[in-house]
Amino acid sequence: IYRSSDGTRARVETWLRVADGARLQWLPQETILFDGAALDRRLVIDLAPDASLLMCETLVFGRVLMGEVVQALDLRDRVAINRGGASIYRDGIALMGDVPAQLGRAAVAAGAGAVTQVVIVDANAAAHLDPVRAGLPDTGGASLLAEDVMVLRLVAADSFELRKVLLPVLDRLSGGTLPGTWRM
């Protein structure tokens, strides 16, 4: 997401419906935010009662190897997951103004340049919890919201460091069916 030349915020809304018995793997490439980006993004996933989901959304605050530093953003990013019409997961992030100061706070990201969230809604979610936790560094965590809903959060210095931890997790949760674009 590039700099907004006139302060106008880009808007991206994605609505997905997953039928009974179907499985959705929502695994887009990382969203790279550049200095001055302005984005209002919303993802809504409606699952039928017997549907399953593997979702991963990653934000990268500039490309470290390119020397990019994100000083200011206007970011609003929200995720909503519903099953059978009931809410099972809500998340949101809002970053405006001095991004390094906000991301530098220990309770926010401790200076991390990349953050991700993974949600799995599946009958086997609980079976993945301990193995997933065992592979996470101190900057990551996983919890069950219900026996069939697991959420993982991870922050890392940059997207390369994040991917080193994230790829084995996604491989496990996807049953080894990650798209080739994740292998690059």
Side-chain angles (χ1 to χ4, degrees), residues 12-33 39-60 75-94 107-109 112-184:
V12 177
E13 290 189 10
T14 306
W15 296 75
L16 304 167
R17 292 187 201 281
V18 186
D20 250 343
R23 177 175 178 83
L24 171 65
Q25 290 189 358
W26 181 256
L27 304 168
Q29 296 280 256
E30 300 90 341
T31 298
I32 301 171
L33 297 156
L39 174 66
D40 186 352
R41 184 170 70 168
R42 182 175 183 197
L43 171 63
V44 178
I45 302 173
D46 288 317
L47 301 171
D50 192 34
S52 61
L53 169 71
L54 172 58
M55 182 214 79
C56 178
E57 280 288 348
T58 302
L59 295 172
V60 177
L75 172 68
R76 289 173 186 81
D77 195 20
R78 296 170 311 279
V79 175
I81 302 173
N82 308 303
R83 181 173 44 199
S87 172
I88 61 170
Y89 180 76
R90 293 286 186 272
D91 186 71
I93 183 172
V108 176
V115 300
T116 196
Q117 63 179 314
V118 175
V119 178
I120 184 166
V121 180
D122 187 90
N124 297 320
H128 293 294
L129 183 63
D130 289 337
V132 165
R133 280 181 171 167
L136 294 177
D138 291 342
T139 60
S143 298
L144 289 176
L145 299 182
E147 283 299 307
D148 60 350
V149 181
M150 184 178 74
V151 175
L152 175 143
R153 291 292 213 166
L154 177 65
V155 299
D158 58 35
S159 60
F160 180 75
E161 292 300 318
L162 186 130
R163 270 185 173 239
K164 287 192 321 191
V165 175
L166 186 58
L167 280 174
V169 169
L170 292 178
D171 260 339
R172 176 183 180 79
L173 298 178
S174 71
T177 62
L178 277 179
T181 53
W182 273 92
R183 305 284 177 206
M184 301 166 78

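Just so it is clear, the structure is predicted and the values come from calculations on it, not from any experiment.
- Judged purely by distance below 3.5 Å, without hydrogens or angles, the side chains of S174 and Q25 never pair a donor atom with an acceptor atom.
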Practice problem: Begin from the C-alpha positions of I45 and V119 and carry the test side-chain contact (heavy atoms from CB on, under 4.5 Å) through to its verdict. | Solution: CA-CA 11 Å; I45 302 173; V119 178; over 6 Å; no

Practice task
Kindly indicate, with the supporting measurements, whether the criterion side-chain contact (heavy atoms from CB on, under 4.5 Å) is fulfilled by L166 and T116.
Solution key: CA-CA 9 Å; L166 186 58; T116 196; 4.0 Å; yes

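- Proximity of R23 to V18: side-chain heavy atoms (C-beta onward) are nowhere separated by under 4.5 Å.
- Summarising the geometry, atom CG belonging to L27 is positioned 9.5 Å from atom CE belonging to M55; distances are rounded to the nearest 0.5 Å.
- Here the side chain of T14 pairs no donor or acceptor atom with the backbone of L43 at under 3.5 angstrom.
- Looking at every heavy atom in both residues, R83 comes nearest to P49 through CD-O, 3.7 Å.
- Rounded to the nearest 0.5 Å, atoms CD1 (I120) and CG (L145) are 12.5 Å apart.
- In this structure, V118 and C56 have side chains that are in contact, with non-hydrogen atoms separated by less than 4.5 Å.
- Considering only heavy atoms from C-beta on, D158 comes within 4.5 Å of E161 through its side chain.
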**OP:** Determine, stepwise, if the pair L54 / D122 fulfils side-chain contact (heavy atoms from CB on, under 4.5 Å).
**Re:** CA-CA 8 Å; L54 172 58; D122 187 90; over 6 Å; no

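- Panel note: side chain R133, backbone A142; a donor-acceptor pair is recorded below 3.5 Å.
- Here CE of M150 is found 11.0 Å from CG of N124. Values are rounded to the nearest 0.5 Å.
- D77 and R41 are joined by a salt bridge, as a carboxylate oxygen and a charged side-chain nitrogen come within less than 4.0 angstrom of each other.
- Annotation for E147 and A125: closest pair O-CB, 3.8 Å, computed over non-hydrogen atoms.
- Counting all heavy atoms, side chain and backbone alike, A19 lies closest to A48 at C-CB, 3.6 Å.
- Closest approach of R78 and D40 over heavy atoms only: NH1-OD1, 2.9 Å.
- Here L53 contributes atom CG and L47 contributes atom CG; the two are 5.5 Å apart, rounded to the nearest 0.5 Å.
- Taking CG of L152 as the reference point, atom CG of L129 lies at 9.5 Å (rounded to 0.5 Å).
- Between N82 and R17, the side chains place no donor N or O within less than 3.5 Å of an acceptor N or O (distance only, hydrogens not considered).
- Taking both residues in full, the closest heavy atoms of P28 and E57 are given as CG-OE2, 3.6 Å, listed atom of the first, atom of the second, then distance.
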Evaluate side-chain contact (heavy atoms from CB on, under 4.5 Å) for L162 paired with L154, printing each intermediate quantity in order. CA-CA 7 Å; L162 186 130; L154 177 65; 4.0 Å; yes

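- Considering CG of D46 and CG of L24, their distance stands at 11.5 Å, rounded to 0.5 Å.
- The minimum heavy-atom distance between V165 and G135, with the atom names listed, is CG1-O, 3.9 Å.
- Listed for the D20 side chain is a donor-acceptor partner under 3.5 Å among the backbone atoms of D50.
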